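A short write-up of the structure that comes next.
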Amino acid sequence: MKTETVNHDAMAQRHSSIARRCAELAARVARHTDGRGNGIHPTAIAQLEFMRDDASTTICNVYEPAIAIVVQGKKEIWLGEETYHYGVAQYLVVSVELPVRGFIVEATPEQPYLGFLLKLSPLELFDIVAQVQPRTATPESSCRGLFVSDVDLPLIDCALRLTQLLNTPQDIPFLAPMIIREIYYRLLTGEQGEAIRQIATSGSNMQRIAGAIERIKAGFAQSLRVEALAAQANMSTSSFHRHFKSVTSMSPLQYQKQLRLLEARRLMLAENADATHAAYQVGYESPSQFSREYSRMFGVPPIQDIQRLRIA
């Protein structure tokens with residue numbers, strides 16, 4: 001009984017320490033983003049960005065490899081048919097480029113949604129991955145390219161120390177790379193270490209799928225030849241399909257479709273393209289098919305969606 005009490009007290013102290021650091025990090029993110037509006041804001045540290053939103057907002061975008069720690073508010077995102085919920089003291093890691101839809105579910109002007117976003121560099125990870133003992137995993141295992149975990153004390157401490165450097169810009173060139181390297185180490189030795197490791201492991205399934213994703217992105221408006229992608233990934237077509245879905249939660253064709261629809265939305269919103277022109281630009285031959293698939297993804301036809309976004 002005494003041992004259980006000691007363990008419970010130690011866990012409570014850890015949770016309290018994490019909560020305090022999250023609150024301090026939230027205060028710093030709030031100060032650095034105050035008056036800058038909603039969205040993602042760059043900082044003096046190249047890989048570090050802050051997120052801020054003061055209202056419940058729908059998000060549709062292609063997420064790049066990064067770790068995002070929520071320090072205030074709540075969010076949910078959809079990857080394929082899967083839904084992920086995360087809030088304060090939790091973090092999201094994206095290890096390959098993924099088209100996602102999301103919704104900030106808890107944010108107000110008084111208590112905005114706030115997040116810490118650090119872009120992940122496979123090259124920097126590669127430099128340290130060989131020095132970290134791997135967790136046991138089968139060579140052919142494929143990890144999902146997106147996951148949510150609870151933050152631990154060492155990781156949130158690193159995030160706080162990195163953010164504190166913004167107050168002493170002269171220290172950033174020397175100290176920021178060291179702290180970022182420590183963050184990578186914490187991720188590699190954490191509960192999702194295998195997924196992080198695969199980003200920088202030559203020949204891993206995730207790295208091969210990441211290469212296929214790059215090729216799909218480069219020619220998303222063209223017809224997709226899955227057999228050619230499989231051959232370039234050095235996989236059979238069936239194996240490629242299986243590993244692609246394991247990493248991205250969708251098939252290659254579904255992935256391409258979401259890229260097309262996201263780009264069409266951008267063209268209509270940012271460049272005032274009409275729906276027909278946007279459809280042809282992203283590779284659709286039938287405007288009616290484009291409108292049907294757009295409605296399925298965004299909930300309303302293109303014209304209504306763009307009008308709604310402009311009002312918002």
Side-chain angles (χ1 to χ4, degrees), residues 60-66 77-84 93-101 120-123 125-126 129 137-147 194-267 276-298 302:
C60 298
N61 211 338
V62 178
Y63 279 17
E64 298 180 347
I77 61 170
W78 302 281
L79 175 66
E81 300 300 318
E82 297 178 349
T83 303
Y84 297 81
V93 167
V94 179
S95 52
V96 296
E97 295 187 64
L98 295 171
V100 300
R101 291 169 293 155
L120 297 178
S121 165
L123 287 176
L125 273 168
F126 180 79
V129 73
T138 58
E140 291 303 310
S141 64
S142 286
C143 301
R144 179 72 81 235
L146 179 153
F147 61 83
E194 180 58 29
I196 302 296
R197 178 178 295 277
Q198 286 204 15
I199 304 174
T201 301
S202 178
S204 69
N205 290 324
M206 185 176 291
Q207 196 173 79
R208 287 189 280 176
I209 296 303
I213 285 171
E214 284 295 321
R215 288 187 283 273
I216 293 173
K217 283 187 62 187
F220 67 86
Q222 303 166 5
S223 297
L224 188 66
R225 296 182 59 242
V226 177
E227 295 81 4
L229 289 173
Q232 289 173 329
N234 198 26
M235 297 179 178
S236 67
T237 302
S238 61
S239 178
F240 176 75
H241 263 285
R242 185 173 69 255
H243 288 300
F244 194 97
K245 189 159 189 178
S246 180
V247 170
T248 68
S249 186
M250 63 192 86
S251 70
L253 287 172
Q254 289 171 326
Y255 187 100
Q256 181 198 47
K257 182 188 297 183
Q258 293 206 15
L259 286 183
R260 285 179 167 184
L261 293 172
L262 285 170
E263 174 60 13
R265 196 187 207 206
R266 188 196 67 78
L267 288 170
T276 300
H277 177 72
Y280 288 134
Q281 282 287 100
V282 300
Y284 280 90
E285 297 179 358
S286 165
S288 60
Q289 180 189 4
F290 166 74
S291 184
R292 286 194 303 272
E293 294 185 353
Y294 192 102
S295 298
R296 279 199 293 270
M297 181 165 174
F298 298 112

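Quantities reported herein were computed from a predicted structural model and do not represent experimental measurements.
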Rounded at 0.5 Å granularity, tell me how far CD in Q258 sits from CD1 in I216. 12.0 Å

Mind checking what makes side chain to side chain contact (heavy atoms under 4.5 Å, CB included) contact with S288, not counting sequence neighbours? S286, R292

Between OH of Y63 and CD1 of I77, what distance do you get to the nearest 0.5 Å? 5.5 Å

Hey, could you give me the NE2/OG distance between H241 and S251, rounded to the nearest 0.5 Å? 7.0 Å

The reported gap from CG in N205 to NE2 in H243 (rounded to nearest 0.5 angstrom) is 4.0 Å

State, with a plain yes or no, whether a side-chain heavy atom of I199 is found less than 4.5 Å away from one of V129. no

How long is the straight-line distance from CD of Q232 back to CZ of R208, given to the nearest 0.5 Å? 13.0 Å

Set of ring-ring contact (aromatic ring centres under 6.0 Å, His included) partners for Y284, sequence neighbours left out: F290

Got E263 and L259 here, is their nearest side-chain heavy-atom distance under 4.5 Å? no

Contacts of Y255 that satisfy ring-ring contact (aromatic ring centres under 6.0 Å, His included) - sequence neighbours left out: F244

I want to check something: taking the side chain as every heavy atom from C-beta on, are R144 and L79 in contact at a cut-off of under 4.5 Å? yes

Is a side-chain N or O of E81 found less than 3.5 angstrom from the main chain of S249, in a donor-acceptor match? no

Those residues at least two apart in sequence (or on a different chain) that pass ring-ring contact (aromatic ring centres under 6.0 Å, His included) with F298 are Y294

Does R265 have any salt bridge (charged side-chain N to carboxylate O under 4.0 Å, His left out) partners at least two apart in sequence or in another chain, and if so, which? D305

Taking every non-hydrogen atom, the tightest pair across G80 and M250: N-CE, 3.8 Å

Please table the atom pairs, donor to acceptor, closer than 3.5 Å between any side-chain atom in residues 94-101 and protein atoms at least two apart or in another chain.
from	atom 1	to	atom 2	distance (Å)
S95	OG	G145	O	3.3
E97	OE1	K217	NZ	2.3
E97	OE2	K217	NZ	3.4
R101	NH1	M297	O	3.0

Between L262 and R266, is the side-chain contact (heavy atoms from CB on, under 4.5 Å) condition met? List the steps. CA-CA 6 Å; L262 285 170; R266 188 196 67 78; over 6 Å; no

Contact check, side chains of P287 and Y280, non-hydrogen atoms, under 4.5 Å: yes

Verify, without hydrogens or angle tests, whether S295 (side chain) and S291 (backbone) share a donor-acceptor contact under 3.5 angstrom. yes

Rounded to the nearest 0.5 Å, how far does CE of M206 lie from OG1 of T248? 10.5 Å

Taking R260 first and then E293, would you say they form a salt bridge - that is, a charged N and a carboxylate O separated by under 4.0 Å? no

